[in-house]
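For reference, the structure discussed in these notes is given below.
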Amino acid sequence: MRASRLVSLLLLLQTKGRMTAQALADELEVSVRTIYRDVESLHAAGVPLYGDAGPSGGYQLLDGYRTRLTGLTEQEAESLFLAGLPGAAADLGLGDAVSAAQLKLMAALPSSMRDRASRMAERFHLDAPAWYYEAEPAPFLGLVADAVWRSRLLEVSYRRWRAPEEVTRVLRPLGLVLKAGRWYLVALGSSRISTYRVSQIQAATVLEESFERPSGFDLAAHWAASLEDFQARQFTGEAVIRLSRRGFESFPSNVVPAVARAAEESAVDDDGWVRVTIPIESIGHATGMLLRMGGEVEVLAPDELRSHVAEVVRRLASLYLP
């Protein structure tokens, strides 16, 4: 365990450059005291590692020092064949490069590990897109990826949901995210960082001007925070409904997880039915969601939602009943 941690510490310094003892401790999930001991062990082993004190200090390898760590464990070799998404690589124009890299890795592995890695590739397949959704055409994905990689300004014509529907923007592209089979561009506009669906880009031009990325920007952390903010803003109200026992059991398969959790946490018995309080996005959206449940659900509040459901049911009755 300690040997693995020493290797990880060395690789962190090799890839990230100077790091404080606290930063290393956070990455490796150990105490700062443990980092001090590990650094002493690396010193004793002849690793050219030095540290500077002060606010801008930290540990650093001598310039030009590179490790020659070529060994892989069986689990590490196997995991490399699950680490990438072939479809995503192909979308970005890297399909051949990924195949070539995997071929070279396979050739370099000992025969026993090669067999295990082959079995992993044969038995597991990653399919990113969600059910019931076709792959979205994103003709400008390669061009956008090039702008992201080279930190070049990107001029786009973008179709959005609110008026004016088509707008032109000059963006500082910071990263691409693949979510449920759809590509999203995270970019800095004139004043703030926003998310753009790549399939909605109608035209794009990579400009010659480059830009400086915001200091400390972390794409994964920003994306996680954006999702949390979206979910917080997604629901604008609450509804109280009654579900039959059968309806309560099938409710989670008809709604998003946040609504299903709220129903489960608020459930109380109501004369053989189950009364729950759930968050809703809007009256119209909630109407469509609840009508999927048919006669297994009754809206109790708010009155506006109950009236809207009743009106839709009346229109349906006029269409189908003699």
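Note that the numbering runs from 1 along the sequence shown for the chain. All values below come from the heavy atoms of this structure, side chains included, with hydrogens, waters and symmetry mates left out.
- In this structure, Glu264 CD and Ser266 OG are separated by 9.5 Å, a value rounded to the nearest 0.5 Å.
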Tabulate below the donor-acceptor pairs under 3.5 Å that side-chain atoms of residues 24-31 make, not counting sequence neighbours, or state none.
{"residue": "Asp26", "atom": "OD1", "partner": "Gln22", "partner atom": "NE2", "Å": "3.0"}
{"residue": "Glu27", "atom": "OE2", "partner": "Lys16", "partner atom": "NZ", "Å": "2.6"}
{"residue": "Ser31", "atom": "OG", "partner": "Thr34", "partner atom": "N", "Å": "3.1"}
{"residue": "Ser31", "atom": "OG", "partner": "Thr34", "partner atom": "OG1", "Å": "2.9"}

Test log, rule side-chain contact (heavy atoms from CB on, under 4.5 Å), inputs Ile278 and Ile241: CA-CA 8 Å; Ile278 58 171; Ile241 62 176; 4.0 Å; yes
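- Residues forming a side chain to side chain contact (heavy atoms under 4.5 Å, CB included) with Pro164 (at least two apart in sequence, or on another chain): Arg160, Val167.
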List the atom pairs, with distances to 0.1 Å, where a side-chain N or O of residues 142-153 and a protein N or O form a donor-acceptor pair under 3.5 Å, not counting sequence neighbours.
{"residue": "Asp146", "atom": "OD1", "partner": "Arg150", "partner atom": "NE", "Å": "3.2"}
{"residue": "Asp146", "atom": "OD2", "partner": "Arg150", "partner atom": "NE", "Å": "3.2"}
{"residue": "Asp146", "atom": "OD2", "partner": "Arg150", "partner atom": "NH2", "Å": "2.8"}

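- Contact check for Val268 versus Val274: no side-chain heavy atoms found under the 4.5 Å cut-off.
- By the salt bridge (charged side-chain N to carboxylate O under 4.0 Å, His left out) test, Glu304 is found to be paired with no residue, residues two or more places apart in sequence or in another chain being considered.
- For Arg246, there are no salt bridge (charged side-chain N to carboxylate O under 4.0 Å, His left out) partners two or more places apart in sequence or in a different chain.
- Sequence neighbours left out, the pairs with a member in residues 313-322 that pass side chain to side chain donor-acceptor pair (under 3.5 Å) are Glu311-Arg314.
- Evaluation of the side chain to side chain donor-acceptor pair (under 3.5 Å) test over residues 270-280, restricted to residues two or more places apart or in two chains, returns Asp270-Arg275.
- By the 4.5 Å heavy-atom criterion applied to side chains, Val259 and Phe235 are counted as neighbours.
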Yes or no on side-chain contact (heavy atoms from CB on, under 4.5 Å) for Val47 and Leu61, after CA distance, side-chain angles and deciding distance? CA-CA 8 Å; Val47 175; Leu61 294 168; 3.8 Å; yes
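- Residues satisfying the side chain to side chain donor-acceptor pair (under 3.5 Å) test with Ser41, not counting sequence neighbours, are Arg2.
- In terms of the ring-ring contact (aromatic ring centres under 6.0 Å, His included) criterion, residue partners of Phe217 (sequence neighbours excluded) are, by chain and number, His222.
- In this structure, Arg306 pairs ionically with Glu298, as a charged nitrogen and a carboxylate oxygen lie closer than 4.0 Å.
- The salt bridge (charged side-chain N to carboxylate O under 4.0 Å, His left out) test applied to Asp303 returns no partner, not counting sequence neighbours.
- Contacts classified as ring-ring contact (aromatic ring centres under 6.0 Å, His included) and involving residues 151-200 (residues at least two apart or in different chains) are given here: Tyr158-Tyr196, Tyr184-Trp223.
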Carefully, step by step, assess Leu12 and Tyr59 under the rule side-chain contact (heavy atoms from CB on, under 4.5 Å). CA-CA 11 Å; Leu12 279 171; Tyr59 292 108; over 6 Å; no
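- For Arg245 and Asp269, the salt-bridge test passes: some basic side-chain N is under 4.0 Å from an acidic carboxylate O.
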For a quick test of your reading: what N or O donor-acceptor pairs under 3.5 Å do the side chains of residues 281-296 make, sequence neighbours left out?
{"residue": "Glu281", "atom": "OE2", "partner": "Gln234", "partner atom": "NE2", "Å": "2.9"}
{"residue": "Ser282", "atom": "OG", "partner": "His285", "partner atom": "N", "Å": "3.1"}
{"residue": "Thr287", "atom": "OG1", "partner": "Ile283", "partner atom": "O", "Å": "2.8"}
{"residue": "Thr287", "atom": "OG1", "partner": "His308", "partner atom": "ND1", "Å": "2.9"}
{"residue": "Arg292", "atom": "NH2", "partner": "Asn254", "partner atom": "O", "Å": "2.6"}
{"residue": "Glu296", "atom": "OE1", "partner": "Ser244", "partner atom": "OG", "Å": "2.3"}

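- Contact of the Leu42 side chain with the Leu9 side chain is registered, since non-hydrogen atoms from C-beta on lie closer than 4.5 Å.
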